[in-house]
Amino acid sequence: MSRLVYVLNGPNLNLLGKRQPHIYGHTTLADVEAECRALAGELGLEIRFHQSNREYELIDWIHEARETAGGIVINPAAFTHTSVAILDALNTFDGPVIEVHISNVHKREEFRHHSFVSLRADGVMAGCGTQGYSLALRRVGWLIDEKARQDG
Ligand code: CA2
């Protein structure tokens with residue numbers, strides 16, 4: 001299985017570390033990308049890290065991942081709670097998918113308690129701050145290795 005992992009981020013996450021630090025902390029998305037790249041190096045993974053405010057771009061990256069990647073880490077942001085289209089795209093991807101939320105969505109408004117993406121995700125990180133990305137990447141790496149062990 002490919003050791004390439006897509007790390008995808010949905011709408012408004014470009015503002016991470018710049019607004020609402022009481023909810024999302026002070027770490028920027030560029031910091032998160034740097035942490036993911038450093039960890040990927042340790043784990044022998046390659047990553048493609050993207051953020052978009054447009055649903056179709058996230059869907060296009062998931063389609064790209066179908067052809068090239070072994071796993072996906074995704075924080076769909078508000079699309080988590082609204083997007084059947086992102087769920088449908090993820091359902092066409094064969095490898096491990098881990099859903100990440102920086103905040104604990106279950107401690108927040110009721111509309112954040114439901115996730116379409118969780119119907120596909122193999123695991124969900126919520127409320128671990130931006131560390132959730134590293135934890136998710138470790139898990140995807142472990143699942144890729146496990147699949148290789150089973151196939152080998
Ligand atoms: O906790 C998360 O990671 C969320 O996916 C973040 C989404 C929210 O709609 C989900 O319910 C939970 C919001 C992302 C907005 O990101 C911002 C970051 C900093 C400042 C403003 C927005």
Side-chain angles (χ1 to χ4, degrees), residues 3-43 45-66 68-144:
R3 298 191 70 74
L4 173 63
V5 178
Y6 273 56
V7 182
L8 301 177
N9 294 279
N12 299 305
L13 285 165
N14 52 311
L15 298 177
L16 195 63
K18 299 172 184 169
R19 296 276 187 282
Q20 297 182 277
H22 56 291
I23 303 177
Y24 299 113
H26 290 278
T27 305
T28 67
L29 199 62
D31 297 331
V32 173
E33 178 172 359
E35 283 166 22
C36 286
R37 289 198 181 283
L39 180 62
E42 278 175 38
L43 299 175
L45 299 171
E46 190 194 332
I47 60 168
R48 298 220 172 114
F49 192 101
H50 296 297
Q51 185 274 332
S52 181
N53 297 325
R54 299 174 183 89
E55 192 173 15
Y56 77 87
E57 272 190 315
L58 293 160
I59 292 166
D60 285 350
W61 286 322
I62 294 166
H63 291 176
E64 217 178 82
R66 292 183 66 228
T68 54
I72 296 177
V73 170
I74 184 166
N75 182 346
F79 292 147
T80 308
H81 318 298
T82 62
S83 182
V84 176
I86 289 177
L87 170 63
D88 286 347
L90 289 169
N91 276 333
T92 71
F93 180 77
D94 286 334
V97 174
I98 306 292
E99 176 182 349
V100 174
H101 299 290
I102 298 163
S103 64
N104 182 355
V105 282
H106 300 290
K107 261 176 118 175
R108 300 183 65 191
E109 303 97 321
E110 189 135 1
F111 67 83
R112 295 185 204 276
H113 297 181
H114 178 261
S115 165
F116 285 102
V117 170
S118 292
L119 291 165
R120 164 62 180 89
D122 299 296
V124 182
M125 296 296 314
C128 295
T130 53
Q131 281 178 357
Y133 286 86
S134 298
L135 296 167
L137 197 54
R138 277 189 192 280
R139 178 68 180 165
V140 164
W142 190 89
L143 289 168
I144 289 173

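Quick caveat: nothing in here was measured; it's all calculated off a predicted structure. Just so you know, ligand 1 is whichever comes first in the structure, and atom 1 is the first atom listed for that ligand. The basis for the numbers below is simple: all heavy atoms, side chains too, and nothing from hydrogens, waters or symmetry mates.
Side-chain atoms of Glu99 do not come within 3.5 Å of backbone N or O of Val73 as any donor-acceptor pair. Side-chain N or O atoms of Ser118 include none that pairs as donor or acceptor with a backbone N or O of Ala121 at under 3.5 Å.
Side-chain contact between Ile102 and Leu13 is present, with at least one heavy-atom pair separated by less than 4.5 Å.
By the 30° and 60° cut-offs, the orientation of the rings of His81 relative to His101 is parallel.
Of all heavy-atom pairs between Phe93 and Ala65, the closest is CE1-O, 3.4 Å.
Other residues, nucleotides and ligands contribute at most 12 non-hydrogen atoms within 6.0 Å of the CZ atom of Arg138.
For a heavy-atom separation below 4.0 Å, the residues in contact with ligand 1 are Pro11, Asn12, Leu13, Leu15, Leu16, Arg19, Gln20, Tyr24, Asn75, Ala77, Ala78, His81, His101, Ile102, Ser103, Val105, Arg112.
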